[in-house]
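Report on the following structure.
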Amino acid sequence: MPHPLNPAFGEPHGREPGDRWRAPYACRAATSRGRLIAEPASPTRNPFQRDRDRIIHSTAFRRLKHKTQVFVSHEGDHFRTRLTHTIEVAQIARALARALGLDEDLAEALALAHDLGHTPFGHTGEDALADCMADVGGFDHNAQTLRIVTRLERRYAGFDGLNLTWETLEGLVKHNGPLLTGDGSPTERYAQGGIPAAIVEYQDRQDLWLDTYASAEAQAAALADDIAYNAHDIDDGLRAGLFGHGELRAVPFLAGLLDEIEALHPGLETARATNELVRRVITRFVEGVITESQSLLAALAPADADAVRRAGRPVIAFPDAITRADAEIKAFLYPNMYRHARIAPIRRDAAQVVRDLFARFRADPGLMPADWAAGCDGLDAPRLARRVADYIAGMTDWYALDEHRRLFDATPTLR
């Protein structure tokens with residue numbers, strides 16, 4: 001009997017669920033555009049596998065363990081951190097890539113690297129640092145990820161950064177779609193603030209095709225990010241007691257899933273019902289992406305990965321019903337979790353920690369560690385501010401609080 005999402009599954013001598021196959025529109029490591037700095041090929045790994053491994057072994061990746069997703073780490077061991085979120089995104093990205101015939105290693109590398117540029121204290125820290133940098137180039141976590149993997153990591157004798165392939169860098173930069181329109185002007189997202197300086201600077205060294213969409217692998221990783229944080233923010237919000245299953249029924253998509261769980265498992269204990277809900281959210285979203293993307297790709301019939309880039313629209317996408325569910329879930333989570341009254345004081349105090357550190361280090365860069373303070377005397381105001389932002393953005397939540405305690409008489413507990 002044909003598989004509902006891929007007719008080739010289950011046919012005699014056809015693919016079984018989970019088997020790997022490669023579509024013509026997949027990126028291919030063997031024909032990668034290569035690295036900015038040429039290196040000898042690895043005898044055991046292809047270029048995308050090598051990228052993945054470099055990301056996993058980077059300092060920035062290890063720091064994700066103690067960077068907050070939504071809650072500060074003191075809230076409990078079971079809440080997500082940037083690291084656990086990243087692992088979940090990578091799993092979903094690989095599942096999408098496998099089902100759609102994409103390169104799994106590239107999709108995984110992009111998923112593993114997508115949050116490297118995030119600050120301590122989740123989006124609160126990013127917003128605070130962006131405010132601090134507003135008059136000197138701003139702060140954008142995607143651009144910061146590019147700075148990390150092309151400049152700030154210092155692991156190799158022959159170059160700064162990780163010297164990743166063009167395809168990985170392109171996917172990281174275009175995580176949210178093209179940055180430029182066809183006439184070379186910034187897209188709507190960057191119309192007001194302009195393209196982040198880090199991206200402009202790197203673009204002068206290696207053209208990342210900022211006016212096209214990214215590869216199908218990058219698009220899959222971006223949707224995997226959406227799927228993961230919708231599902232785990234529901235889970236974390238329920239665990240924290242910010243809302244219950246009853247409140248979730250305000251979201252029609254979730255109400256339908258809760259009804260399904262109750263019909264199949266009457267009277268199921270709350271913890272198990274939560275797990276059943278979360279896995280159903282992920283499953284429905286993933287299956288929706290696969291079905292919709294198969295339809296889009298069949299209609300476009302791209303001959304290669306570049307045809308995907310030049311398609312003028314995403315080819316990996318949610319169907320309309322899942323797009324509505326995604327919007328409904330986010331609309332629920334914003335007031336009931338991200339701006340919940342219990343979280344507001346923590347967000348306020350976390351933002352103040354970032355602002356305090358930025359102001360102190362900008363006024364006296366010698367207070368930073370020696371390797372960060374070195375050479376600051378010769379920097380103009382924008383470059384000094386960027387050095388300070390690089391230092392703060394790389395901090396874990398714990399390290400930021402420790403630095404604040406070192407420099408200030410009172411530091412919030414963020415509980």
Note to self: Looking at every heavy atom in both Val281 and Leu254, which two are closest together, and how far apart are they?
What the structure shows: CG2-CD2, 3.8 Å
Note to self: For a 4.5 angstrom cut-off between non-hydrogen side-chain atoms, does Thr396 reach Pro120?
What the structure shows: no
Item checked: Verdict with supporting geometry, Asp371 and Arg154, side chain to side chain contact (heavy atoms under 4.5 Å, CB included) -> CA-CA 11 Å; Asp371 55 339; Arg154 304 286 176 86; over 6 Å; no
Margin query: Are the side chains of Leu257 and Glu276 in contact, using a 4.5 Å heavy-atom criterion?
Written below: no
Note to self: Can a donor-acceptor pair be found, under 3.5 Å and without considering hydrogens, that links the side chain of Glu153 to the backbone of Ala60?
What the structure shows: yes
Check: Do the side-chain N and O atoms of Lys67 and Thr119 include a donor-acceptor pair separated by under 3.5 angstrom?
Finding: no
Next item on the list: Among Leu367, Asp364, Asp402, Asp356, find the residue that satisfies the side chain to side chain contact (heavy atoms under 4.5 Å, CB included) test when tested with Leu407.
Entry: Leu367
Notebook entry, point to check: Does some side-chain heavy atom of Leu248 sit less than 4.5 Å from a side-chain heavy atom of Leu238?
Noted result: yes
Check: With Asn163, which residues qualify under side-chain contact (heavy atoms from CB on, under 4.5 Å), at least two apart?
Finding: Arg35, Leu36, Ile37, Glu39, Arg54, Phe159
Margin query: Check Arg50 with Asp105, please: is the shortest side-chain N to carboxylate O separation under 4.0 Å?
Written below: no
Margin query: Check this for me: Arg383, atom CZ, are more than 12 non-hydrogen atoms of other residues, nucleotides or ligands nearer than 6.0 Å?
Written below: no
Check: Counting heavy atoms not belonging to Arg272, are there more than 12 under 6.0 Å from its CZ?
Finding: no
Next item on the list: List the steps and the verdict of side chain to side chain donor-acceptor pair (under 3.5 Å) for Thr124 and Arg347.
Entry: CA-CA 6 Å; Thr124 298; Arg347 294 183 64 253; 3.1 Å; yes
Check: More than 12 heavy atoms of other residues, nucleotides or ligands under 6.0 Å from CG of Asp183: is that the case?
Finding: yes
Item checked: Minimum heavy-atom distance between Gly171 and Ala214, given as atom pair plus value -> CA-CB, 4.3 Å
Margin query: Under the criterion side chain to side chain contact (heavy atoms under 4.5 Å, CB included), I'd like the reasoning laid out for Met133 against Val136: C-alpha separation, chi angles, the key distance, then a yes or no.
Written below: CA-CA 5 Å; Met133 292 290 293; Val136 281; 3.8 Å; yes
Item checked: Under 3.5 Å: donor-acceptor pair, side chain of Thr84, backbone of Thr81 -> yes
Next item on the list: Determine yes or no for a side-chain-to-main-chain donor-acceptor pair under 3.5 angstrom, with Arg155 supplying the side chain and Ser58 the backbone.
Entry: no
Notebook entry, point to check: Is the closest side-chain heavy-atom distance between Leu277 and Ile234 below 4.5 Å?
Noted result: yes
Note to self: I want to check something: taking the side chain as every heavy atom from C-beta on, are Glu262 and Leu268 in contact at a cut-off of under 4.5 Å?
What the structure shows: no
Next item on the list: Could you tell me whether Arg151 and Glu201 have a side-chain N and a carboxylate O separated by less than 4.0 Å?
Entry: yes
Item checked: Salt-bridge contact Asp259-Arg249 (side-chain N to carboxylate O under 4.0 Å) -> yes
Notebook entry, point to check: Between Arg360 and Glu403, is the closest basic N to carboxylate O distance under 4.0 Å?
Noted result: no
Item checked: Greater than 12 external heavy atoms within 6.0 Å of Gln192's CD -> no
Check: Any donor and acceptor pair, going by atom type alone, linking the side chain of Gln219 with main-chain N or O of Ile316 inside 3.5 Å?
Finding: yes
Check: Short question: side chain of Ser185, backbone of Thr181 - any donor-acceptor pair under 3.5 Å?
Finding: no
Checklist line | Derivation of the side chain to side chain contact (heavy atoms under 4.5 Å, CB included) call for Tyr25 and Leu297 | finding: CA-CA 9 Å; Tyr25 46 77; Leu297 288 163; 3.5 Å; yes
Notebook entry, point to check: Taking the six-membered ring of Trp21, is the NZ or CZ of Arg98 close enough (under 6.0 Å from the centre) and on axis enough (within 45°)?
Noted result: no
Item checked: Note, Met337 side chain near Asp233 side chain (heavy atom, < 4.5 Å) -> yes
Next item on the list: Identify the two heavy atoms, one from Cys27 and one from Ser215, that lie closest to each other, and give their separation to 0.1 Å.
Entry: SG-CB, 3.5 Å
Margin query: Before you tell me yes or no, could you show the steps for Arg309 and Asp304 under salt bridge (Lys or Arg N to Asp or Glu O under 4.0 Å), namely the whole-Å CA-CA distance, both residues' side-chain angles and the distance that decides it to 0.1 Å?
Written below: CA-CA 9 Å; Arg309 295 184 173 98; Asp304 55 26; over 6 Å; no
Next item on the list: Could you label the plane-to-plane angle of the His85 and His232 rings as parallel, tilted or perpendicular, counting under 30° as parallel and over 60° as perpendicular?
Entry: perpendicular
Check: Who are the side-chain hydrogen bond (donor to acceptor under 3.5 Å, both in side chains) partners of Tyr399, not counting sequence neighbours?
Finding: Tyr391
Next item on the list: Go through the steps to decide whether Phe361 and Trp372 satisfy the test side chain to side chain contact (heavy atoms under 4.5 Å, CB included), and finish with yes or no.
Entry: CA-CA 10 Å; Phe361 291 135; Trp372 285 97; over 6 Å; no
Check: Quick one: do Arg284 and Glu287 make a salt bridge, cutoff under 4.0 Å?
Finding: no
Checklist line | Single hit among Leu106, Leu110, Asp53 for side chain to side chain contact (heavy atoms under 4.5 Å, CB included) with Phe48 | finding: Leu106
Check: With no hydrogens and no angle check, is any side-chain donor or acceptor of Thr187 less than 3.5 Å from a backbone partner on Pro178?
Finding: yes
Note to self: Looking at every heavy atom in both Leu414 and Phe121, which two are closest together, and how far apart are they?
What the structure shows: CD1-CE2, 3.4 Å
Next item on the list: Please report the C-alpha distance between Thr212 and Lys174 in whole Å, then the side-chain angles of each, then the deciding distance to 0.1 Å, and finally whether the side chain to side chain donor-acceptor pair (under 3.5 Å) criterion is met.
Entry: CA-CA 9 Å; Thr212 70; Lys174 294 189 281 190; 2.9 Å; yes
Notebook entry, point to check: Sub-3.5 Å donor-acceptor pair from the side chain of Arg280 to the main-chain atoms of Ile261, do we have one?
Noted result: no
Check: Considering all heavy atoms of both residues, which atom of Leu208 and which atom of Gln203 are nearest to each other, and what is their separation?
Finding: N-OE1, 2.9 Å
Margin query: Does the plane of the ring in Tyr334 sit parallel, tilted or perpendicular to the ring in Tyr338? Use 30° and 60° as the thresholds.
Written below: perpendicular
Notebook entry, point to check: Under a 4.5 Å cut-off applied to non-hydrogen side-chain atoms, are Leu169 and Tyr202 in contact?
Noted result: yes
Margin query: My understanding is that only one of Glu108, Glu167, Glu104, Glu217 makes a salt bridge (Lys or Arg N to Asp or Glu O under 4.0 Å) with Arg52; could you say which?
Written below: Glu108
Notebook entry, point to check: Any side-chain donor paired with an acceptor under 3.5 Å for Gln144 and Asp140?
Noted result: no
Checklist line | Summary of ring pair (Phe, Tyr, Trp, His ring centres under 6.0 Å) pairs that have at least one residue in residues 279-318, sequence neighbours excluded | finding: Phe253-Phe285, Phe285-Phe318
Margin query: Please evaluate residues Gln352 and Arg355 with respect to the criterion side chain to side chain donor-acceptor pair (under 3.5 Å), reporting the C-alpha separation (whole Å), side-chain torsions for both, the decisive distance (0.1 Å), and the verdict.
Written below: CA-CA 5 Å; Gln352 191 59 50; Arg355 287 193 290 267; 3.2 Å; yes
Notebook entry, point to check: Is the backbone of Lys65 close enough, under 3.5 Å, to the side chain of Arg82 for a donor and an acceptor to pair up by distance?
Noted result: no
Next item on the list: Give a yes or no on whether the backbone of Leu164 and the side-chain of Thr168 come within a donor-acceptor separation of less than 3.5 Å.
Entry: no
Check: Does any donor atom in the side chain of Thr145 or His118 lie under 3.5 Å from an acceptor atom in the other side chain?
Finding: no
Margin query: Can you give me the closest heavy-atom contact between Ala373 and Pro365, atom names plus distance?
Written below: CB-O, 3.4 Å
Checklist line | Donor-acceptor contact below 3.5 Å, side chain Asp326 vs main chain Ile322 | finding: no
Notebook entry, point to check: Does Arg28 come within less than 4.0 Å of Asp103, counting only side-chain N to carboxylate O?
Noted result: no
